[in-house]
Amino acid sequence: MRISSRFLVASIATLAMASAVNAQGSIRSGGGAYLLDSYVAYISEDDLYNSNGERLREPWQIIRQDRANVHRFGIVDADDTFDSFFDSQANRNQLEKMLRNGSIERQAARDIVRGGASVLVEIYGRGDTGTAVYVSVYR
């Protein structure tokens, strides 16, 4: 079995981030929000365009399209992992708001819009309601 270097780097990053989160008691944002889910995804050419073939220009649109590709259309890149949270279209529709409540670095946003980046997405919330998304990029 061949493991791609992007997947290996992203997997190591995921473990490191999970360790840091666990060390903080799984609380990242105020108001008692806990880590609900996380996943790694590779942003491919397929993720840069919506279902109408229009080029997406915002990082949250591309991340949402990646999850729609995985969960709705069965388009899974080699380095994509699965999440249960964005299996729901209603949750995918909340991604922009959740990202505003979370964080993404400027360079990470540019890398996502350009494509060819591996991302770690951490979903925080209470119960089964997501409130914030934190995005990191690994090249």
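Just so we're clear, the structure is a prediction, and the values are computed from it rather than from any experiment. The first residue of the sequence shown is numbered 1, and numbering continues consecutively from there.
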**Request:** Drop me the distance from Phe86's CZ to Met98's CE, to the nearest 0.5 angstrom.
**Result:** 4.5 Å
**Prompt:** Does Arg55 reach the side chain of Leu48, with side-chain heavy atoms less than 4.5 Å apart?
**Reply:** yes
**Complete:** For Val137 and Ala108, the nearest pair of non-hydrogen atoms, with its separation, is CG2-CB, 3.4 Å
**Prompt:** Do the non-hydrogen side-chain atoms of Gln89 and His71 ever get within less than 4.5 Å of each other?
**Reply:** no
**Fill in**
Value for CD1 (Ile112) from CD1 (Ile63), rounded to nearest 0.5 Å, stands at 4.0 Å
**Message:** Using every non-hydrogen atom in the two residues, find where Leu99 and Val135 come nearest and quote the distance to one decimal.
**Reply:** CD1-CG2, 3.9 Å
**Message:** Minimum heavy-atom separation for Phe73 and Ser51, please, with both atom names.
**Reply:** CZ-OG, 3.5 Å
**Message:** If you define the side chain from C-beta out and look only at heavy atoms, does anything of Leu36 sit under 4.5 Å from Asp128?
**Reply:** no
**Request:** Supply the atom-to-atom distance Glu96 CD to Asn101 CG, rounded to the nearest 0.5 angstrom.
**Result:** 11.0 Å
**Request:** Taking Arg126 for its side chain and Ala33 for its backbone only, find out whether a donor-acceptor pair lies under 3.5 Å.
**Result:** no
**Message:** Under a plain distance cut-off of 3.5 Å, with no hydrogens placed, do Arg110 and Gln107 share a side-chain donor-acceptor pair?
**Reply:** yes
**Message:** To the closest 0.5 Å, what do you measure between CG (Leu56) and CD (Gln65)?
**Reply:** 6.0 Å
**Asked** Would you say the ring centroid of Tyr39 lies under 6.0 angstrom from that of Phe82?
**Response** no
**Asked** Going from CG on Asp79 to OH on Tyr138, what distance comes out if it is rounded to the nearest 0.5 angstrom?
**Response** 14.0 Å
**Request:** Using the side chain to side chain contact (heavy atoms under 4.5 Å, CB included) rule, pick out the option among Ile62, Asp83, Leu95, Asp47 that qualifies with Arg67.
**Result:** Asp83
**Prompt:** Just checking, any donor-acceptor pair under 3.5 angstrom between side chains of Asp37 and Ser84?
**Reply:** yes
**Request:** Provide the closest heavy-atom pair for Asp66 versus Ala41 in the form atom of the first, atom of the second, distance.
**Result:** OD2-CB, 3.4 Å
**Asked** Do the side chain of Asn91 and the main chain of Ser88 share a donor and acceptor less than 3.5 angstrom apart?
**Response** no
**Item:** Nearest non-hydrogen partners of Tyr42 and Gly116, listed with the distance
**Value:** OH-CA, 3.2 Å
**Message:** Please tell me whether Asp77 and Ser44 have a donor and an acceptor in their side chains that are separated by less than 3.5 angstrom.
**Reply:** yes
**Item:** Residue pair Tyr124, Tyr34: steps toward the ring-ring contact (aromatic ring centres under 6.0 Å, His included) verdict
**Value:** CA-CA 5 Å; Tyr124 284 79; Tyr34 291 87; 8.7 Å; no
**Item:** Spatial distance of atom CZ (Arg64) from atom CD (Glu58) [nearest 0.5 Å]
**Value:** 11.5 Å
**Item:** Heavy-atom closest pair, residues Pro59 and Ile104
**Value:** CB-CD1, 4.0 Å
**Request:** Determine yes or no for a side-chain-to-main-chain donor-acceptor pair under 3.5 angstrom, with Thr81 supplying the side chain and Val40 the backbone.
**Result:** yes
